[in-house]
Undergrad: 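The structure under discussion is supplied below as structure tokens; questions concerning it will follow.
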Amino acid sequence: MGFKFGLDLLFTDRGSAHPVDIATGAATIVELSNLLSATVGKAYVREYKAIAAEHHTAVHTLTSALLGGHATSAMARECGIPLAEEYFVLALAVPAHPDESHPRLDRQVVARRKLRRLQAALAVLFDDRALSLLSVDGGTVLVPCTGPAAAPGLDEVVERLSAAAQVPVTATVVSASPDDVSAAAGQAHELLDTVQQLGRGPGLYRFPELALHYQLTRPGVGRDRLRTHLAPLLGHPELLETLRTHLDTGMHRLRTARRLHVHPNTVDYRLRRIAQLTGLDPADGRGLWYLRSALIASAAGDIPSEIPAGTRRPA
């Protein structure tokens with residue numbers, strides 16, 4: 001409207017003592033347009049940055065409070081972010097991008113770009129409703145639970161985060177009320193540690209599917225005692241590998257033999273040797289249970305060469 005008014009002033013007043021030709025008037029209009037566009041653009045960017053910084057600070061404050069266990073409704077109102085009745089607490093592990101090891105690229109710059117892509121994907125997926133504390137190698141994301149149907153969608157969320165970061169993301173999830181977010185976050189990250197210790201691939205893991213693995217890898221006398229069942233196999237790495245492979249293939253001797261590139265009779269011989277050395281027969285239900293549990297427990301650390309003090313059975 002301003003430019004239209006200006007054009008009217010320049011060209012419609014034919015009785016003016018200072019007539020303006022079209023070329024001069026057009027040049028003046030273009031100059032004013034450039035000046036106005038630049039001024040409005042700078043003002044918009046400054047305001048947008050201020051609002052974004054304020055929102056980022058509010059998100060950081062509320063997320064830190066939830067993870068610290070001292071978030072309140074009053075704090076949420078002050079931050080301008082309503083508390084959800086329940087959150088999906090995701091623990092993320094984000095590996096290094098291949099370009100981070102490129103000799104001609106700045107590793108920190110590549111890592112920060114990966115992080116920004118991850119944060120941008122979260123903003124798009126949840127319309128800025130998700131709260132997160134992330135670094136270049138992972139962190140914690142709090143997703144408001146919008147209903148029972150929201151949980152299955154988290155698998156797709158992790159896939160899309162992997163695509164955005166351009167690396168395979170591994171995640172675990174636990175649900176919790178705002179008051180329990182702090183404890184749930186600790187549990188989710190412990191479960192994530194278990195997943196990594198077990199050598200599982202990327203994707204989303206839930207607590208029910210790894211409850212046994214989680215419990216068996218917790219520090220304690222029981223875990224230490226379980227791990228000693230594998231001590232007799234320390235000098236026989238081929239037996240340990242055969243046991244792990246045999247369990248991975250569902251105790252299928254032919255698949256085990258193919259994977260190990262040996263004859264099926266060799267698998268049978270090695271399983272018998274395992275039974276002789278450990279006193280636990282992989283072909284027996286009880287022996288198989290203890291050996292599988294011992295392998296899970298040993299994922300949390302080295303296999304002890306002897307039974308730790310205080311865990312020996314009485315004579």
Undergrad: Inspect the surroundings of CZ in Arg253 and state if more than 12 heavy atoms from other residues, nucleotides or ligands are less than 6.0 Å away.
TA: yes
Undergrad: Leu115 and Ser135: which non-hydrogen atoms are nearest, and at how many Å?
TA: CD1-O, 3.5 Å
Undergrad: Quick check: do Thr172 and Phe207 have side-chain heavy atoms less than 4.5 Å from each other?
TA: no
Undergrad: For Glu85, does the CD atom have more than 12 heavy-atom neighbours from other residues, nucleotides or ligands under 6.0 Å away?
TA: no
Undergrad: Show the nearest heavy-atom pair for residues Pro178 and Ala84, with the distance to one decimal.
TA: CG-O, 3.0 Å
Undergrad: Could you go through Thr249 and Thr256, starting from their C-alpha distance and side-chain angles, then the distance that decides it, and tell me whether this counts as side-chain hydrogen bond (donor to acceptor under 3.5 Å, both in side chains)?
TA: CA-CA 6 Å; Thr249 60; Thr256 301; 2.8 Å; yes
Undergrad: How far apart are the closest heavy atoms of Val89 and Ala184, and which atoms are they?
TA: CG2-CB, 4.0 Å
Undergrad: Evaluate side-chain contact (heavy atoms from CB on, under 4.5 Å) for Leu239 paired with Leu271, printing each intermediate quantity in order.
TA: CA-CA 8 Å; Leu239 298 183; Leu271 293 177; over 6 Å; no
Undergrad: Any side-chain heavy atom of Leu131 within less than 4.5 Å of one from Leu66?
TA: yes
Undergrad: Does Glu31 CD have over 12 foreign heavy atoms under 6.0 Å away?
TA: no
Undergrad: Val94 and Leu134: side-chain contact (heavy atoms from CB on, under 4.5 Å), yes or no, with the steps?
TA: CA-CA 10 Å; Val94 183; Leu134 295 172; over 6 Å; no
Undergrad: Please find the pair of heavy atoms, one from Leu142 and one from Thr140, that lie closest to each other, and give the distance.
TA: CD2-CG2, 4.1 Å
Undergrad: Kindly indicate whether the side chain of Asp224, heavy atoms from C-beta on, has any atom under 4.5 Å from the side chain of Arg227.
TA: yes
Undergrad: Could you report the tightest heavy-atom contact between Tyr87 and Cys145, atom names first, then the distance?
TA: C-SG, 3.5 Å
Undergrad: Are more than 12 heavy atoms from other residues, nucleotides or ligands located less than 6.0 Å from atom CZ of Arg259?
TA: yes
Undergrad: Please report the shortest heavy-atom distance between Leu247 and Met251, naming the atom on each side.
TA: CD2-SD, 3.9 Å
Undergrad: Please check if atom OH in Tyr290 has more than 12 non-hydrogen atoms from other residues, nucleotides or ligands closer than 6.0 Å.
TA: no
Undergrad: Can you tell whether the side chains of Asp99 and Arg104 come within less than 4.0 Å, N to carboxylate O?
TA: no
Undergrad: Would you kindly say whether Arg116 and Gln119 are connected by a side-chain donor-acceptor distance under 3.5 Å?
TA: no
Undergrad: Could you please spell out the steps behind the side-chain hydrogen bond (donor to acceptor under 3.5 Å, both in side chains) verdict for Thr278 and His229?
TA: CA-CA 6 Å; Thr278 64; His229 288 307; over 6 Å; no
Undergrad: Checking side-chain contact (heavy atoms from CB on, under 4.5 Å) for the pair Tyr205/Thr170: CA distance, chi angles, key distance, verdict?
TA: CA-CA 8 Å; Tyr205 296 87; Thr170 304; 4.1 Å; yes
Undergrad: For the residue pair Leu210 and Thr194, establish whether any side-chain heavy-atom pair is separated by less than 4.5 Å.
TA: no
